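Data first, discussion second: the structure below is written as structure tokens.
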Number of protein chains: 2
Amino acid sequence: MDPEAIRRSLEGRGLRCTAQRYAVMAFLMEHTGHPTAAEIFEAVNRADPRSSRATTYNNLRDLVQAGLVREVAVEGRAARFDAKGMRHHHFICDRCGKVEDVEWYDVPRPASGSLGKRILRECELIFRGLCSKCAPRQASR
Amino acid sequence: MDPEAIRRSLEGRGLRCTAQRYAVMAFLMEHTGHPTAAEIFEAVNRADPRSSRATTYNNLRDLVQAGLVREVAVEGRAARFDAKGMRHHHFICDRCGKVEDVEWYDVPRPASGSLGKRILRECELIFRGLCSKCAPRQASR
DNA sequence: GAATTATTTAGACTATATCTAACATGATAT
DNA sequence: ATATCATGTTAGATATAGTCTAAATAATTC
């Protein structure tokens with residue numbers, strides 16, 4: 001992943017490219033497995049530069065606000081993050097909570113009448129069920 | 001709402017119809033505004049029977065597992081619940097976090113190839129943006 | 001390089017949810 | 001009816017996830 005590209009995408013959104021912020025963004029781009037904030041914090045701190053927990057959360061918040069990162073809320077579990085690269089939908093495993101990407105396809109928008117005065121920003125599709133690891137186990141219970 | 005119908009739906013799922021559990025279910029059926037666990041706990045305790053916090057959470061978990069209640073995870077906020085009555089999609093306000101229902105319409109399923117060995121249970125659509133209350137305010141910032 | 005602004009930090013704090021172990025209740029069998 | 005047993009409830013402790021604060025540091029601008 002090109003470091004300059006990351007720097008540019010941060011600065012293009014009005015965010016300074018600090019070592020800590022860069023580390024969060026780079027980690028998300030290299031690890032597409034939807035890590036939690038805690039996992040990102042740990043990963044970033046395995047090597048220099050160090051980053052405090054507050055900074056990791058701050059940077060995740062900033063990156064989400066800037067539209068570079070997506071947060072996926074998972075019921076009863078910590079939020080998970082991914083860099084907004086290629087568009088995709090999400091599959092969440094009922095059993096282990098894993099979040100996986102599902103190939104993108106267009107989703108029909110709701111009739112404008114049912115939205116009223118609301119302003120629609122985005123439309124996401126979430127599939128639920130059992131991931132390929134959990135499916136066999138569940139079947140045998 | 002018919003108390004007998006609630007009792008039957010609980011027992012049909014192997015859950016005893018206790019006063020506390022009934023209260024949670026009845027509250028959710030009467031209040032379609034997606035309350036949080038804390039709100040449900042408070043509401044149930046405004047009148048008899050009393051219910052502890054743990055019981056409220058236990059019952060919500062049981063009801064979700066039984067498929068009678070849906071949990072909607074909202075980023076950075078407490079989970080919200082609704083009785084699974086009529087099928088609907090959800091609209092979540094970026095600004096105030098409110099969860100609103102959007103009229104149901106069918107969503108095309110993913111190509112079976114992109115699901116692999118996963119077992120698909122359901123498919124939900126989440127719209128994001130600004131609710132009708134927040135839309136005007138945001139425009140003027 | 002001084003001033004300004006954004007960012008980072010450790011640790012306290014808040015919010016949300018789960019766990020524990022004792023007790024109560026409802027269902028079943030005798 | 002009463003004993004038995006599984007299910008449900010409870011208060012409070014504990015865990016987990018995330019935010020806040022105020023001081024220190026780093027980046028940017030003048």
Side-chain angles (χ1 to χ4, degrees), chain A residues 3 6-8 10-27 34-45 47-66 68-69 71-81 96-97 99, chain B residues 6-27 34-45 47-66 68-69 71-81 96-97 99:
Chain A
I6 295 181
R7 161 183 289 273
R8 275 195 306 276
L10 292 176
E11 293 180 345
R13 298 299 194 138
L15 295 173
R16 285 184 189 163
C17 181
T18 64
Q20 290 82 353
R21 187 171 289 151
Y22 176 91
V24 168
M25 193 64 199
F27 181 78
H34 306 85
T36 61
E39 286 163 358
I40 295 166
F41 169 69
E42 257 195 71
V44 164
N45 280 281
D48 276 329
R50 297 297 141 118
S51 180
S52 74
R53 211 156 46 94
T55 297
T56 305
Y57 276 100
N58 286 344
N59 281 331
L60 283 168
R61 187 200 348 85
D62 295 344
L63 291 169
V64 168
Q65 268 181 8
L68 297 171
V69 167
E71 177 178 348
V72 187
V74 185
E75 319 81 77
R77 294 179 170 100
R80 294 181 165 276
F81 299 85
C96 70
V99 175
Chain B
I6 295 182
R7 160 184 289 274
R8 275 195 307 276
S9 67
L10 292 176
E11 293 180 346
R13 297 301 193 136
L15 295 174
R16 284 185 189 161
C17 181
T18 65
Q20 289 83 352
R21 186 171 288 152
Y22 176 91
V24 168
M25 193 64 199
F27 180 78
H34 306 84
T36 61
E39 286 163 358
I40 295 165
F41 169 68
E42 257 194 70
V44 164
N45 280 280
D48 275 333
R50 299 295 142 122
S51 180
S52 74
R53 210 155 44 92
T55 297
T56 305
Y57 276 100
N58 286 344
N59 282 330
L60 283 169
R61 189 206 340 91
D62 295 344
L63 292 169
V64 168
Q65 268 181 8
L68 297 171
V69 166
E71 175 179 349
V72 187
V74 185
E75 319 82 79
R77 295 181 168 96
R80 294 180 165 276
F81 298 86
C96 70
V99 176

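Predicted, not measured: the structure shown is a model, and the values here were computed from it. Each chain gets a letter, A, B and so on, in the order its sequence line appears, and its residues count up from 1.
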Where each residue is assigned the nucleotide of DNA chain C containing its nearest heavy atom, which of E11(B) and T36(B) is assigned the position nearer the 5′ end?
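Of the two residues, T36(B) wins.
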Within the structure, does a side-chain N or O atom of [X] lie under 4.0 Å from either OP1 or OP2 of [N]?
{"X": "S51(A)", "N": "dT8(C)", "value": "no"}
{"X": "Q20(B)", "N": "dT25(C)", "value": "no"}
{"X": "T18(A)", "N": "dA26(D)", "value": "no"}

Using a 4.0 Å heavy-atom cut-off, does [X] contact any base of the nucleic acid, only the sugar-phosphate backbone, or nothing at all?
{"X": "A79(A)", "value": "sugar-phosphate"}
{"X": "R53(A)", "value": "base"}
{"X": "D62(B)", "value": "nothing"}

Using atom types as modelled and distance alone, determine if a side-chain donor or acceptor of E42(A) lies under 3.5 Å from a backbone N or O of E39(A).
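Here the side-chain-to-backbone pair does not exist.
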Without decimals, in angstroms, what is the distance between [X] [atom1] and [N] [atom2]?
{"X": "R61(B)", "N": "dT16(C)", "atom1": "CZ", "atom2": "P", "result": "19 Å"}
{"X": "Y22(B)", "N": "dG8(D)", "atom1": "OH", "atom2": "C1'", "result": "18 Å"}
{"X": "R77(A)", "N": "dA15(D)", "atom1": "CZ", "atom2": "P", "result": "20 Å"}
{"X": "F41(A)", "N": "dT16(D)", "atom1": "CZ", "atom2": "P", "result": "16 Å"}

With nearest nucleotides of DNA chain D determined for A54(B) and R21(B) from heavy-atom distances, which residue corresponds to the more 5′ nucleotide?
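Checking each residue's closest nucleotide, the 5'-ward one belongs to R21(B).
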As a test of reading the structure: which of [options] is closest to the side chain of [X], going by heavy atoms?
{"X": "T55(B)", "options": "dT10(D), dT28(D), dG8(D)", "value": "dT10(D)"}
{"X": "A78(B)", "options": "dT9(C), dA11(D), dT16(C)", "value": "dT16(C)"}
{"X": "N58(A)", "options": "dT9(C), dA12(C), dT18(C)", "value": "dT9(C)"}
{"X": "Y57(A)", "options": "dA6(D), dT9(C), dT19(D)", "value": "dT19(D)"}

Considering all heavy atoms of both residues, which atom of V99(B) and which atom of H34(B) are nearest to each other, and what is their separation?
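Heavy atoms of V99(B) and H34(B) come nearest at O-ND1, 2.9 Å.
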Per the side chain to side chain contact (heavy atoms under 4.5 Å, CB included) rule, which among T18(A), L63(A), T55(A) passes with V24(A)?
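Checked T18(A), L63(A), T55(A) against V24(A); only one passes side chain to side chain contact (heavy atoms under 4.5 Å, CB included): L63(A).
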